[in-house]
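Have a look at the structure below, then the notes.
Numbers here simply count residues along the sequence, with the first being 1. Remember, predicted model here, so these are calculated numbers, not experimental data.
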Amino acid sequence: MLERATRTIKTAGLLLAAYFVLNIVLRIALPHSLELDEAEQSFFSQYLLAGYGPQPPFYNWMQYAVVSVTGMSIGALIVPKNILLFLCYLFYGLAGREALKDQALAAVGMLALITLPQVSFMAQQDLTHTTALLFASALFLYGFFRTLDRPDIGSYLLLGLATGIGLISKYNFALMPAAALIAILPDAEWRRRAFDWRILAAIAVALVIILPHAIWLRDNLAFASSDTLVKMAAGNEPAGIARAGKGLIAFVVAIIAFAALPIAIFAATFRRDFVRALSAGNRWTGMMERMMLASLAGIVLIVLFTGSTTVRERWLDPFLLVLPIYFLAKMLAAGIDLSAGLRRLRPVLSVLMACVLIALGLRVVGAGLFGVYSRPNVPMAGLSREMTRQAEPALVIASDTYIGGNMRLQFPDVPVVIPDFPAPGISAYAEAKGPVLVVWRGRKTATAADAVMPERFSSALATAGIAPQEIGSLSLPYYFGRQGDNFALGYAWVQPGTR
C-alpha cells in the first residue's frame with residue numbers, strides 16, 4: 001500500500017489522512033483528561049485576545065474559532081491539531097515537488113517527515129504552538145521554493161501568508177525568512193526574487209496578519225519573553241566562557257537529537273549511496289545548506305548574547321524541517337538510482353507510523369506497569385464529578401491553566417478563570433451569580449494540607465469579605481494506574497454574599 005502511496009502526492013496524502021484519523025480515534029478513545037497544552041487551549045478558548053502570554057496567538061485564535069462553532073469537547077481540541085499536522089505534511093510534499101521535480105520522490109519526502117520525532121511523536125503527544133509552527137514552516141518552504149521556481153503573484157502572496165502565520169505561531173520563526181534571504185543571495189537569478197516588486201505584496205500580507213499581535217507585543221514585550229528567557233537561563237551560573245560553552249554544547253546536542261533518527265534511517269536504507277551523495281550537490285542543495293546554516297548560526301548568536309544554556313530540539317523545527325527533502329535532493333544530484341533504497345525505506349516509514357500510534361497509546365494504557373503517569377491518566381472526570389455531587393458551579397476559579405482547562409472540559413458551559421487572568425485580582429468571586437468552585441492541585445494522596453486553601457485564594461476572599469462554605473480534598477486512582485497511586489485536588493465552595 002505504501003509503495004502505491006509514494007507514486008504521487010495525492011495518494012500519499014490519502015494515506016496520511018487515514019493515519020491522522022487513526023490518531024484522532026486513538027486520542028478520543030483514551031481518557032479525556034488533558035495534556036498540558038491541550039488544557040491551556042481549553043482554558044484560553046474562552047477568550048479572543050491579541051496576546052495570551054509567552055506564546056504568540058495563532059493557535060489560540062484557531063482554537064477559539066473552532067470552539068465558538070462546535071462548543072468545548074475533546075474533539076474540538078484534537079481534530080484541529082491533527083488537521084494542522086496533516087497540512088504540514090501536505091505542504092511539505094508540495095515543497096518537495098518544487099525542489100525535487102519528481103512526484104514520487106516528493107511523496108516519499110512528505111512521508112519521510114515521520115522520521116523526525118519532533119514532528120511525528122512529540123507534536124502528537126502534546127504540543128500545540130509547535131504544531132502551528134510546523135504547519136507554518138512547511139507552508140513557508142512551499143511558498144519559498146515555489147517563488148524561486150515560479151515567481152508569480154500567487155507564490156509571493158503564499159510566501160507572505162506563511163510568514164505572517166509563522167511569526168504569530170512561534171517567535172523563533174523570525175529567523176526563517178531571514179535565513180531564506182541569505183540563502184539566495186549568492187545566486188544571481190534567485191537574488192532578483194528578493195527585489196521583485198511583488199515582494200511588497202508578500203510583506204503587506206504578513207503585516208496584516210501580525211499587526212494585532214504586534215501592537216499588543218509592543219506594550220507586553222517583557223511579559224511575552226519572560227517564560228522563554230527563564231527556560232533558556234542558566235540559573236545562578238555566572239556569565240562567561242563556561243556558561244557560553246554549556247550553551248553551545250546544549251545546541252550541538254539538540255542538533256544531534258533532532259537529526260540522528262532521519263540520518264540513521266536514510267543511511268540504513270540507502271547505504272553507500274547515501275554516503276556517496278553527501279559530497280554531491282546542485283543549486284537546490286546549496287540553497288538548502290545555506291538556509292540551514294544561516295538559521296543555526298542565528299541560534300548560536302542568540303545562545304551567546306542571551307547567555308542561554310538550554311536549547312531544546314523542538315526549537316530547531318523550522319530550520320531543520322527540510323532535512324528529508326535535502327537528503328533526497330543530494331542523492332538526485334549524485335545521479336544515484338534510488339529504486340533499491342526506496343524499496344527499503346517504504347516499509348520503515350510504515351513501521352514508524354505504527355510505532356507512533358502504539359507509543360501514544362501505551363504511554364497511557366501501560367502507565368501502571370512503570371508507575372510513570374502521563375496527564376491523560378489523571379482522573380479529572382471522576383474528581384470533577386465527586387466535587388460537584390451537591391451542586392453545579394456558576395463559576396470555577398482554578399489555580400492554573402492545567403486545572404482550569406480540565407475544569408472547562410468537564411463543565412463546558414461554566415466560565416473558568418485563574419488568578420490574575422483574564423483580569424488582575426479575582427473580582428469574579430463577588431460577580432458570580434451562584435456558587436463558586438475553587439480548585440487547586442493536591443498531592444498524590446489527599447492530605448490535610450490539600451484542604452488548606454492557597455494563600456492567594458484565601459487573601460482574595462478575605463479582601464472581598466467572603467467566607468468559604470466548605471473546604472476539602474479528594475484523591476482518586478490514576479486511570480490504568482497501580483493500586484495506591486492516586487491524584488488529588490483541593491477544593492472549596494464559596495457563595496457570593498456569604499460573609
- Nearest heavy atoms of Leu77 and Leu34, plus distance in Å: CD1-CD2, 3.7 Å
- Interatomic distance, OH@Tyr92 vs CG@Leu94, rounded to 0.5 Å, equals 12.5 Å
- Could you tell me whether Arg27 and Glu38 have a side-chain N and a carboxylate O separated by less than 4.0 Å? yes
- Going by heavy atoms in the side chains, are Phe487 and Ser475 under 4.5 Å from each other? no
- For Tyr402 and Arg441, what are the C-alpha separation, side-chain angles and deciding distance, and is it a side-chain contact (heavy atoms from CB on, under 4.5 Å)? CA-CA 9 Å; Tyr402 173 67; Arg441 293 186 192 228; 3.2 Å; yes
- Under a 4.5 Å cut-off applied to non-hydrogen side-chain atoms, are Leu167 and Pro56 in contact? no
- Query: Thr11 and Thr8: side-chain donor and acceptor closer than 3.5 Å?
  - Reply: yes
- Can you tell me how far the CG atom of Leu15 sits from the CG atom of Leu349, to the nearest 0.5 Å? 9.5 Å
- What class does the angle between the rings of His213 and Tyr171 fall in, given that below 30° is parallel, 30 to 60° is tilted and above 60° is perpendicular? parallel
- Task: State plainly whether the residues Glu35 and Arg363 are in salt-bridge range, i.e. N to O under 4.0 Å.
- Result: yes
- Query: Can any side-chain N or O of Asn172 pair as donor or acceptor with the backbone N or O of Trp315 at less than 3.5 Å?
  - Reply: yes
- Hey, could you give me the CG/CD1 distance between Leu133 and Ile168, rounded to the nearest 0.5 Å? 12.0 Å
- Message: Taking the side chain as everything from C-beta on, heavy atoms only, tell me whether Pro31 gets closer than 4.5 Å to Val364.
- Response: yes
- Note on the structure: Smallest heavy-atom separation, Phe411 atom then Val396 atom, equals CD1-CG2, 4.5 Å
- Task: Could you tell me whether the side chain of Asn23 and the main chain of Tyr19 form a donor-acceptor pair under 3.5 Å?
- Result: yes
- Presence of salt bridge, Asp317 and Arg314, under 4.0 angstrom: no
- Task: Would you check if the side chain of Trp61 reaches a backbone N or O of Leu49 as a donor-acceptor pair within less than 3.5 Å?
- Result: yes
- Message: If you define the side chain from C-beta out and look only at heavy atoms, does anything of Leu476 sit under 4.5 Å from Arg385?
- Response: no
- Message: How long is the straight-line distance from OG of Ser42 back to CD of Gln410, given to the nearest 0.5 Å?
- Response: 9.0 Å
- Message: By the ring-ring contact (aromatic ring centres under 6.0 Å, His included) test, which pairs, at least two apart or in different chains, include something from residues 71-90?
- Response: Phe20-Tyr89
- Message: Taking Pro262's backbone N and O only, do any of them form a donor-acceptor pair with Thr115's side chain (distance below 3.5 Å, no angle check)?
- Response: no
- Quick check, are the ring centers of Tyr47 and Tyr52 under 6.0 angstrom apart? no
- Task: Flag the pair Ser308 / Phe251 as yes when at least one side-chain heavy-atom distance between them is below 4.5 Å, and no otherwise.
- Result: no
- Message: Could you tell me if the side chain of Leu296 sits less than 4.5 Å from the side chain of Leu316, heavy atoms only?
- Response: yes
- Task: Before giving the answer on side-chain contact (heavy atoms from CB on, under 4.5 Å), spell out for Leu30 and Val365 the whole-Å C-alpha distance, their side-chain angles and the decisive distance to 0.1 Å.
- Result: CA-CA 8 Å; Leu30 293 172; Val365 177; 3.9 Å; yes
- Message: For a 4.5 angstrom cut-off between non-hydrogen side-chain atoms, does Tyr142 reach Leu90?
- Response: no
- Between Gln46 and Tyr64: side-chain donor-acceptor atoms closer than 3.5 Å: no
- Query: Between Leu85 and Gln124, which heavy-atom pair has the shortest distance, and what is it?
  - Reply: CD1-NE2, 3.6 Å
- Task: Taking all non-hydrogen atoms of both residues into account, name the closest pair between Met353 and Leu111 and its distance.
- Result: CE-CD2, 3.7 Å
- Note on the structure: Heavy atoms of Tyr373 and Ala367 approach each other most closely as CD2-CB, 3.6 Å
- Task: Under the side-chain contact (heavy atoms from CB on, under 4.5 Å) rule, what do His129 and Glu40 come out as? Steps first, then yes or no, please.
- Result: CA-CA 11 Å; His129 297 287; Glu40 181 184 88; 3.2 Å; yes
- Task: Would you please test Phe258 and Gln118 for side-chain contact (heavy atoms from CB on, under 4.5 Å) and show each step?
- Result: CA-CA 7 Å; Phe258 190 103; Gln118 292 73 22; 3.5 Å; yes
- Measure the spacing between CZ of Arg97 and CD1 of Ile325 and express it to the nearest 0.5 Å. 12.0 Å
- Query: Closest heavy-atom contact between Tyr59 and Ala132?
  - Reply: CD1-CB, 4.0 Å
- Item | Distance in Å, Leu409 CG paired with Gln41 CD, rounded so as to fall on 0.5 Å steps | 13.5 Å
- Under 3.5 Å: donor-acceptor pair, side chain of Lys81, backbone of Ala123: yes
- With no hydrogens and no angle check, is any side-chain donor or acceptor of Asn377 less than 3.5 Å from a backbone partner on Tyr478? no
- Using a 4.5 Å cut-off on heavy atoms from C-beta on, say whether the side chain of Leu395 contacts that of Leu437. no
